[in-house]
Structure formats: C-alpha cells, structure tokens
Amino acid sequence: MRIDILTLFPEMFGGVFGASILGRACAAGLMEIRTHDIRAYTENKHRKADDYPFGGGAGLVMMAQPIFSCMEAVLSEGAPAKRILLTPRGKPLTTEHARELAKEERLLLLCGHYEGVDERVMTLIDEEISIGDYVLTGGELPAMVLTDCVSRFVPGVLGSELSAEDESFTDGLLEYPQYTRPAEFRGMTVPDVLLSGHHANIVAWRREQALEKTKNVRPEMYEAWMAAHPPVVKKNKRRRKPKTDTVSPESVNTASVEDQP
Ligand code: ADE
C-alpha cells in the first residue's frame, strides 16, 4: 500500500515511520510512505502557506493554492488515491473504517493546520477523518495514527505471529490482561489459570476479564456487547413440571466464550 502525506511539517514523520513494525513494513516493501512539503508548492515570494480568514476571526487558514499545486503534482504519477483530510470535524476513525481503508491501493492524507483549510480544497477531498473528539495543533499526529492503524490490516505487516483481530475493539470488548515471564515478580504472581495449560479455561478467563474491564472502563461498549450477545438460556427438555427459566452466570454468553480464538 502507498500512502502520500501532504504536510507543512514533513520533518515530524521520520522517526515514526522509520521504527518498529511500520519501519519493517516499509523496508520490506509492504508499505510505501512518502511525505510532501506543501510549502514547497507556494507561488508567493515569502512562501506563505496560510492567511487571515475572510470575515475575520482568530487564527490563520491554510491557502488553497499550495495545496492544489502539491496535490496535483503528487497525483500526477502512480495509482489513483483515496484523498483524506485529517480534521477534528471529520468522521471519527474506527477499526472497521481502518480495515476498509487498508483495501485501497493508495491513500493521500492532507494534514490540516491552524484554523482549518480554505473550503475550496474540499473539492479535492473524498472524506474527512478525525481521530477523536479533541483538537490537536495539526493533522500530522492524526495522519501518523491513521497510517499506523490502517497498516495493521495490510497483509503481511503484522507477520504471522501477530493478528490484528485478537485485540481490543475487534470483537467489541477491551483486551484482557496479559502476562509474560517470570511467573512471579516482586511478589506479584500470574493467575494460576494461565499456567494451567487448560486452553478452554484460559479462553473463558480471558473473556470474563475482558467483560469486567469493559464494564468498568467503557460501560456503553459493555452494554452494546451484551445487547449483541444475549444470554443463552439452557432449556431442560426432560423437566416435567413447568418452571420459570432462570439465567445462571454459567449460561451467559457461552457461545461467545467458546467462539473466542
Ligand atoms: N487536527 C486537529 N485535531 C484533529 C483531530 N482530533 N483529528 C484529526 N485531525 C485533527
């Protein structure tokens, strides 16, 4: 997958894309990430890329001309790209959306800055994405977040030992606690079940922990998960006397417990 990033601060990206899993993915040719300096495309003698907003107001607005010129130059070669503006007024990024974007051959990310971009730039943009309901100083960090998040779904990037699926949000719950060696550290021990080698019990424990964590930290997510996974009520066909069925803790969501990888 190729990602072109249009920014006023290309120097911000080197470390992030050169290290760890993304760095390896780029070195292996699975990802090709290029940054482009919007300021290099300005046509005024002071290389100004922003100006005061018509109608007044605080802050500066990114000018249309350098963005149009930069985008036209970048898109004049290579495959057509899905063009995305990173902005707090965009649609919030989700795992599902990242998975869809990973199917694209090429993305172009425009990093907004200051008080926004000249609205005429929107004629070049396919979608606006926000990484959360807070305002950052610019779209550079959001572009890094989006690139990282999308790359996890590009085949081969995580390698065979890791999966983008067995993690928080992919099945609507937060992740269960993880431990590694040693089994005891400063008097703190690892739960016995994880050392038991009993796969079914480990799966059940992890599901229980994920539910507990989600209930405490993200109650709205927990409610949504419970609504999507109604309790399984076991019917006793051999029972003679009609009796009201009750839901035992063991019978709750058993199908989902077994389904967990
Ligand atoms: N630019 C500034 N804040 C942002 C956010 N939350 N998401 C995307 N782009 C942004």
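Side-chain contact check for Val61 versus Tyr114: every heavy-atom pair is 4.5 Å or farther apart. Arg24 has its side chain within reach of Ile21: a pair of non-hydrogen atoms, C-beta onward, lies under 4.5 Å apart. Using a 4.5 Å heavy-atom cutoff, the side chains of Ile5 and Cys111 are in contact. Side chains of Met31 and Val150 form no contact here, defined as non-hydrogen atoms less than 4.5 Å apart. The side-chain heavy atoms of Thr147 and Val16, taken from C-beta on, include no pair separated by under 4.5 Å. Counting heavy atoms from C-beta on, the side chains of Arg106 and Leu75 come closer than 4.5 Å. By the 4.5 Å heavy-atom criterion applied to side chains, Ile67 and Met63 are not counted as neighbours. The closest side-chain heavy-atom distance from Ile33 to Leu22 is below 4.5 Å.
The side-chain contact (heavy atoms from CB on, under 4.5 Å) search around Cys149 returns Leu93, Ala98, not counting sequence neighbours. Shown here are the salt bridge (charged side-chain N to carboxylate O under 4.0 Å, His left out) partners of Arg218, two or more places apart in sequence or in another chain: Glu220. Scanning for salt bridge (charged side-chain N to carboxylate O under 4.0 Å, His left out) contacts around Arg47 gives an empty result, with sequence neighbours left out. Listed by chain and residue number, nothing satisfies the side chain to side chain donor-acceptor pair (under 3.5 Å) test with Glu184 (two or more places apart in sequence, or in another chain). With sequence neighbours excluded, the residues forming a salt bridge (charged side-chain N to carboxylate O under 4.0 Å, His left out) with Glu127 are Lys82, listed by chain and number.
Both Leu124 and Met122 belong to a single network of hydrophobic side chains, linked directly or stepwise wherever heavy atoms of I, L, V, M, F, W or Y lie under 4.5 Å apart. In the hydrophobic cluster analysis, where Ile, Leu, Val, Met, Phe, Trp and Tyr join through side-chain heavy atoms closer than 4.5 angstrom, Leu85 is grouped together with Val121. Tyr52 is not connected to Phe54 by any chain of hydrophobic side-chain contacts under 4.5 Å among Ile, Leu, Val, Met, Phe, Trp and Tyr, and they are in different clusters. The cluster map of Ile, Leu, Val, Met, Phe, Trp and Tyr, joined by side-chain heavy atoms under 4.5 Å apart, puts Tyr179 and Leu195 in the same cluster. At a threshold of 4.5 Å between side-chain heavy atoms, the hydrophobic network of Ile, Leu, Val, Met, Phe, Trp and Tyr places Leu146 and Tyr134 in one connected group.
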Full working for side-chain contact (heavy atoms from CB on, under 4.5 Å) between Tyr176 and Glu208: CA-CA 8 Å; Tyr176 47 77; Glu208 213 174 86; over 6 Å; no
Verdict with supporting geometry, His113 and Glu140, side-chain contact (heavy atoms from CB on, under 4.5 Å): CA-CA 9 Å; His113 239 266; Glu140 281 72 19; 2.9 Å; yes
Stepwise side-chain contact (heavy atoms from CB on, under 4.5 Å) test for Met12 and Thr35: CA-CA 10 Å; Met12 286 176 71; Thr35 55; over 6 Å; no
Check against side-chain contact (heavy atoms from CB on, under 4.5 Å), Val117 and Ile125: CA-CA 12 Å; Val117 301; Ile125 296 296; over 6 Å; no
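When atom types are taken as modelled, the side chain of Trp225 and the backbone of Lys215 share no donor-acceptor pair closer than 3.5 angstrom. With hydrogens and angles ignored, the 3.5 Å screen pairs a side-chain donor or acceptor of Asp126 with a backbone N or O of Arg83. Between the side chain of Thr7 and the backbone N or O of Phe9, at least one donor-acceptor pair lies under 3.5 Å.
Within the model, atoms CZ of Arg2 and CZ of Arg34 stand 4.0 Å from one another, a figure rounded to the nearest 0.5 Å. The distance from atom CG of Leu108 to atom CG of Leu6, rounded to the nearest 0.5 Å, is 5.0 Å. Separation of atoms NE2 (His229) and CG (Asp171) is listed at 6.5 Å; rounding is to 0.5 Å. The distance from the CZ atom of Phe68 to the OG1 atom of Thr123 is 3.5 Å, given to the nearest 0.5 Å. Rounded to the nearest 0.5 Å, atoms CG (Leu30) and OG (Ser151) are 10.0 Å apart. The NE2 atom of His36 lies 3.5 Å from the CG atom of Asp4; values are rounded to the nearest 0.5 Å.
Remark: Glu96 engages Arg99 in a salt bridge, criterion side-chain N to carboxylate O under 4.0 Å. With salt bridges taken as basic N to acidic carboxylate O contacts below 4.0 Å, one links Glu119 and Arg89. Salt bridge annotation for Arg39-Glu11: absent, with no cationic side-chain nitrogen under 4.0 angstrom from a carboxylate oxygen.
Pairing each heavy atom of Trp205 with each of Pro191, the nearest pair is CZ2-CG, 3.6 Å. Nearest heavy-atom pair across Leu60 and Asp50 is CD1-OD1, 3.0 Å. Ser130 approaches Gly90 most closely through the heavy-atom pair CB-O, 3.6 Å. Residues Ala81 and Leu107 approach most closely at CB-C, 4.1 Å, considering heavy atoms. Considering all non-hydrogen atoms of both residues, Phe153 and Ala102 come closest at CB-CB, 3.5 Å. Leu86 and Ala143 make their closest contact through CG-N, 3.8 Å (heavy atoms, listed as atom of the first residue, atom of the second, distance).
The local environment of CG in Asn216 is crowded, with over 12 non-hydrogen atoms from other residues, nucleotides or ligands closer than 6.0 Å. The neighbour count for Glu32 CD, taken as heavy atoms of other residues, nucleotides or ligands under 6.0 Å away, is above 12.
Residue pairs satisfying the side-chain hydrogen bond (donor to acceptor under 3.5 Å, both in side chains) criterion with at least one member in residues 55-76, sequence neighbours excluded, are listed as follows: Glu43-Gln65, Gln65-Ser69.
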